[in-house]
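Atoms within each ligand, like the ligands themselves, are counted from 1 in listed order. All figures in this text were calculated on a predicted structure; none of them were measured in a lab.
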Amino acid sequence: MARKSVHGQWSSRLAFILAATGSAVGLGNIWKFPYVTGENGGGAFVLVYILCVACVGLPIMVAEILIGRRGRQNPMDSMGSLARDDGCSPHWQWVGLMGVFAGFLILSFYSVIAGWAVAYFFRAATGLFRGVTATSSKQIFQRMIADPERLIAWHTAFLAMTMFITARGVASGLERASKIMMPALFVILLIMVGYGLHAGDAQRAIDFLFRADFHRLSAAGVLEAMGQAFFSLSLGMGAIMIYGSYLPAGISITRSALVVAVSDTVVALLAGLAIFPVVFSQHLHVGSGPGLIFVTLPIAFGHMPYGALFGALFFLLLVFAAWTSAISLMEPPVTWLVERHRMSRFGATLFTGGVVWVLGLGTVFSFNLWSGVTLWHMTFFDAVDNLTSNIMLPLGGFAISVFAAGVMARESSAQELQAAPTVYRVWRFLARFVAPAAVALVFLNAIGVLRFR
Ligand code: PHE
């Protein structure tokens, strides 16, 4: 039976692709991918990451869009209704609810980091980075994260921007923003890559990113590559599912998913090519963690012609990339509150924003007041990041793919996918066996490693 989303629809296939790419391309590609690659030794991690995107991420993305378009509701009710349609246990809805909670949690730290990008936009624009050295760039960054008040202010600003768009409804605001922002981001990234390869240590960067040395990759690193694939593709928590619920009938799900996954991966690799040449030429530490791009890129901007302009542009586009992702992180909680708890969209946005703001304080304090407060060597930020990316998203993705390809009736999924028989069979095989098995294996392996460490 054909349902309709109460929240509206994308106007075209392009609008969906841009919005979904907007969700996928974000801090995960430009901020997180380079630093987790750095922490995990480079090439081997990149290779495992790409494998995870192709064999696990892509089939799960198709599964999410399919469930969303057929269910046309928030993740919890879409999964519940589809289960009931096909006579399966309604308990599958709890997978959707986990996604709603993941939305609150991820957005809480996402907004804090995106706040850094907003702060850096102003710093770059005012020429603060002119002539900056490796040492002074590190100092600028450390001074910022040591100050909870400043971090809270930027976190608040970014969250308010996100709430503003969410409250107005996604379909109209988001479509136009993505149409301008996504191509612009791509162009600026290419300029940065050009600069990095030209002025930095290109050879070492390419070796580091593309020469696979498996001795440097641990089982925990493999889990992290998978977690990063889920995070970067916005999978496992219903964001892409919701975007699928706004997708008009008759648009190819498999082809759209392929475009989104490939673009997301290309952007991540380009970000690596822009950043690592500078890291190596400036003798910065590749494993320096979340501050990596905020320390390295200002050095590049500080020395290039029109650096203030390019720097400002880059951080502005980073803000937009993060913004289009943050909006998609808000959708699962907001649609859930609207449909389940009969809130208005405005009320639901305020409520979600309030919860996220408070949770975000934990991340803010992880870099200063609470930096010494750790659990299993993790700060609050590390714990939320780990819990969501490495546990909740893979678990959610596992369940979503088993549900779409193994639990829902074959007729339902085939009817919704409308793909050529071979494409359907390949997808079903990947989503039913390969993706769940890969997630399970990586999990067990990582648990084994943790136990024997
Ligand atoms: N994919 C986004 C990024 O790479 C983050 C995100 C995760 C967005 C999960 C939505 C859902 O920055």
Next item on the list: Take the angle between the ring planes of Phe16 and Trp10 and call it parallel below 30°, perpendicular above 60°, tilted in between.
Entry: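 Judged by the thresholds at 30° and 60°, the geometry between Phe16 and Trp10 is tilted.
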
Next item on the list: Would you please say whether a donor-acceptor pair under 3.5 Å links the side chains of Asp385 and Ser389?
Entry: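 Per modelled atom types, Asp385 and Ser389 side chains form a pair under 3.5 Å.
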
Notebook entry, point to check: Is there a side-chain contact between Met392 and Leu105, using heavy atoms and a 4.5 Å cut-off?
Noted result: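 Touching, per the 4.5 Å side-chain cut-off.
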
Note to self: Between Leu189 and Phe314, is there a side-chain heavy-atom distance shorter than 4.5 Å?
What the structure shows: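 Yes, close enough: below the 4.5 Å cut-off.
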
Checklist line | For ligand 1, the residues whose heavy atoms come within less than 4.0 Å (ordered by chain, then number) | finding: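 Protein residues near ligand 1 are Ser23, Ala24, Gly26, Leu27, Gly28, Asn29, Tyr110, Phe231, Ser232, Ser234, Met237, Ala239, Ser325, Ser328, Leu329.
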
Notebook entry, point to check: Which atom pair, heavy atoms only, marks the closest approach of Phe403 to Ala83?
Noted result: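 So the two residues come closest at CZ-N, 3.7 Å.
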
Next item on the list: Using the test salt bridge (charged side-chain N to carboxylate O under 4.0 Å, His left out), find all partners of Arg72 that sit at least two apart in sequence or belong to another chain.
Entry: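 Arg72: no salt bridge (charged side-chain N to carboxylate O under 4.0 Å, His left out) contacts found.
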
